[in-house]
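Atoms considered below: every heavy atom in the structure, side chains included; atoms not considered: hydrogens, waters and symmetry mates. Lettering of chains follows the sequences in order, A, B, ..., and the numbering in each one begins at 1.
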Protein chains: 2
Amino acid sequence: MNKLNRKVEYALIGLKHMRAKTPGELTSVKELSQTYGVPFEAASRVMQVLAQKGVLRSEQGAHGGYMIARDLARLSFHDLTEMLLGPVAVARCLDEEKDAGCEMRGTCNIISPVTTLNRRLLEFYKGLSVAELLEPRARQTPQAAPTLEQEVRTEL
Amino acid sequence: MNKLNRKVEYALIGLKHMRAKTPGELTSVKELSQTYGVPFEAASRVMQVLAQKGVLRSEQGAHGGYMIARDLARLSFHDLTEMLLGPVAVARCLDEEKDAGCEMRGTCNIISPVTTLNRRLLEFYKGLSVAELLEPRARQTPQAAPTLEQEVRTEL
DNA sequence: GTTATATACGACAAAAAAGATCGTATATGA
DNA sequence: TCATATACGATCTTTTTTGTCGTATATAAC
């Protein structure tokens, strides 16, 4: 139920890899694929989406690749998953696009609980920045710079 | 990635249904199945697990059924999912039982982020009581009785 | 200009997970 | 003793996820 989606995994792998490089240095998908053993095509697709959404900047041609184009402290885990997987919906009936009409409309007694869970999960994901995930040292809140007090916390 | 497991759905449906009854009154799986259109066998299995874990009490024979046997305010969402699905693990490598040996051991660069995410998700689920989920009026913390201040909060 | 290397993207195939069902055993109230 | 309920192992089906193939396009290096 809680398993991390592969697309998100590949995104994290790529972002962590790029974060360690000097600003401006590019990373090709081939490099990621060879270093971490991730499938080229699948990872490629993920980086494309991230580039299209402005998280990465892509450079084509020989010696091309990707680089981080946005402050990851201001990118929430929610933003990331939404880009790659669409809206967070713990049940199909909460996803207007995919909802083919729930067969137990009218008799369902847990719409309220399910909605509550979805809302709480959304809040949780929105409050978790990708930067914090990649660098557990600092607990940062997306859309806000980390305070000194937060910077100091120890890892794990 | 975030879709609610059916087993958990059936559990919530059953628990919400039973919560509305007078103490001591039984609910048969047939009743649940007919009322909400959930598959009998699948729902039955869920109730059995819940009974085995002490959340429900089962009564066999004619006019038998299930009733709630435990304070749902002291049952966390984490407890519920663990009973039905096993330990929360956002990646296979975090689930000792199911881990068949990750092929990118040694090269993986996101074990730390994945572990962090798993820990945070666990905290989130542990801090969310089933009672709160079923009755959004009151925000209750599992393992602790709700305070008056918390009782007062309005729904949604 | 040509070539090597990279991204871009639609369509399809394979694998894995989730979900539903079947069959049978057991308990018990009417 | 029969109707109705839970208990539970095994298996089949469906859905979802994941990976692959083929082709087009962009561009730096030569």
Side-chain angles (χ1 to χ4, degrees), chain A residues 1-11 13-14 25-34 36-53 55-67 69 81 84-86 89-92 95 98-100 103-104, chain B residues 1-11 13-14 18 25-34 36-53 55-67 69 81 84-86 89-92 95 97-100 103-104:
Chain A
M1 184 177 97
N2 308 294
K3 223 181 62 196
L4 199 60
N5 187 287
R6 283 289 164 96
K7 290 180 183 176
V8 179
E9 266 187 31
Y10 300 155
I13 288 174
E25 196 175 352
L26 293 172
T27 299
S28 71
V29 175
K30 187 179 181 182
E31 180 182 339
L32 291 176
S33 175
Q34 289 178 342
Y36 304 109
V38 299
F40 180 91
E41 295 291 343
S44 183
R45 195 67 60 89
V46 168
M47 301 308 149
Q48 284 163 32
V49 173
L50 259 39
Q52 185 195 324
K53 298 288 185 180
V55 176
L56 298 178
R57 199 162 75 78
S58 77
E59 199 114 328
Q60 288 193 327
H63 303 102
Y66 295 94
M67 56 177 287
T81 61
L84 297 171
L85 308 174
V90 298
R92 254 179 301 264
D95 188 339
K98 292 181 184 171
D99 182 17
E103 66 279 359
M104 50 189 247
Chain B
M1 186 176 95
N2 307 294
K3 224 180 62 196
L4 200 59
N5 187 288
R6 283 289 165 96
K7 290 179 183 175
V8 179
E9 266 187 30
Y10 299 155
I13 289 174
M18 292 176 206
E25 195 174 353
L26 293 171
T27 299
S28 71
V29 176
K30 187 177 180 184
E31 180 181 339
L32 291 175
S33 176
Q34 290 179 339
Y36 304 108
V38 299
F40 179 90
E41 294 292 343
S44 183
R45 196 66 60 89
V46 167
M47 301 308 149
Q48 284 164 31
V49 173
L50 260 39
Q52 185 195 323
K53 299 288 185 181
V55 176
L56 298 178
R57 199 162 76 78
S58 77
E59 199 114 329
Q60 289 192 327
H63 303 102
Y66 296 94
M67 56 177 286
T81 63
L84 297 171
L85 308 174
V90 298
R92 255 177 300 262
D95 188 340
E97 291 177 28
K98 292 183 184 171
D99 183 16
E103 66 279 359
M104 49 189 249

Pull out every protein N or O sitting under 3.5 Å from an N or O of nucleotides 26-30 of chain C, one pair per line with the distance.
from: C/dA27; atom 1: O4'; to: B/Gln60; atom 2: OE1; distance (Å): 2.7
from: C/dA27; atom 1: O3'; to: B/Gln60; atom 2: OE1; distance (Å): 3.4

Tabulate protein N/O versus nucleotide N/O from nucleotides 13-17 of chain C, keeping only pairs under 3.5 Å, one per line.
from: C/dA17; atom 1: OP1; to: B/Arg92; atom 2: NH1; distance (Å): 2.5

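An OP1 or OP2 oxygen of D/dT17 is reached within less than 4.0 angstrom by no side-chain nitrogen or oxygen of A/Asn5. Listed pair B/Ser44 / D/dA7 fails the phosphate criterion, with no side-chain N or O lying under 4.0 Å from OP1 or OP2. Contact check, B/Ser28 against D/dT4: no side-chain N or O comes under 4.0 Å of OP1 or OP2. Taking side-chain N and O atoms only, A/Tyr10 has a distance below 4.0 Å to OP1 or OP2 of D/dG19.
Taking atom CZ on B/Arg6 and atom C1' on C/dT21, their separation rounds to 15 Å, with Å as the unit. In this structure, B/Leu32 places its CG atom 12 Å from P of D/dA5, rounding to the nearest Å. Look at CD on A/Glu41: it is 13 Å from P on C/dA8, rounded to the nearest Å. Rounded to an integer number of Å, the gap from A/Leu56 CG to C/dA6 C1' is 15 Å. The CZ-P distance, from A/Arg57 to C/dA8, rounds to 12 Å in whole Å. Separating the NZ atom of B/Lys30 from the C1' atom of D/dA3 is a distance of 10 Å, rounded to the nearest angstrom. At whole-Å resolution of the value, CD in A/Glu31 and C1' in C/dT7 are 15 Å apart. Per the geometry, CZ belonging to A/Phe40 stands 7 Å off C1' belonging to C/dA6, to the nearest Å.
Atoms CG and OG1, on B/Leu32 and B/Thr27 in that order, are 6.0 Å from each other to the nearest 0.5 Å. With rounding to the nearest 0.5 Å, the separation of OH in A/Tyr10 from OG in A/Ser44 is 12.5 Å. If you take CG on A/Leu84 and CE on B/Met1, they are separated by 9.5 Å, rounding to the nearest 0.5 Å.
Each of B/Pro39 and A/Met47 was matched to the nucleotide of DNA chain C holding its nearest heavy atom; the match closer to the 5' end belongs to A/Met47.
For the pair A/Ser33 (side chain) and A/Pro39 (backbone), a donor-acceptor distance under 3.5 Å is absent.
For the pair A/Ala11 and A/Leu50, the tightest heavy-atom approach, listed with the atom from each and the gap, is CB-CD2, 4.0 Å. When all heavy atoms of A/Val29 and A/Ala43 are compared, the closest pair comes out as CG1-CB, 4.2 Å.
Applying the 3.5 Å distance criterion, the base of C/dG10 shares a donor-acceptor pair with the side chain of A/Arg45.
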Which donor-acceptor pairs under 3.5 Å do side chains of residues 56-63 of chain B form with protein atoms, sequence neighbours excluded?
none

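When distances are taken from the side chain of A/Gln52 to each of C/dC9, C/dA8, C/dT21, the shortest belongs to C/dC9. Listed nucleotides C/dT21, D/dT6, D/dA5 differ in distance to B/Ala42; the shortest reach to its side chain belongs to C/dT21.
Residue-level contact check: A/Lys7 touches neither bases nor backbone, having no heavy atom under 4.0 Å from any strand.
For A/Ser28, the side-chain contact (heavy atoms from CB on, under 4.5 Å) partners at least two apart in sequence or on another chain are A/Lys30, A/Glu31. Shown here are the side-chain contact (heavy atoms from CB on, under 4.5 Å) partners of A/Lys3, two or more places apart in sequence or in another chain: B/Arg92. With sequence neighbours excluded, the residues satisfying side-chain contact (heavy atoms from CB on, under 4.5 Å) with B/Arg45 are B/Gln48.
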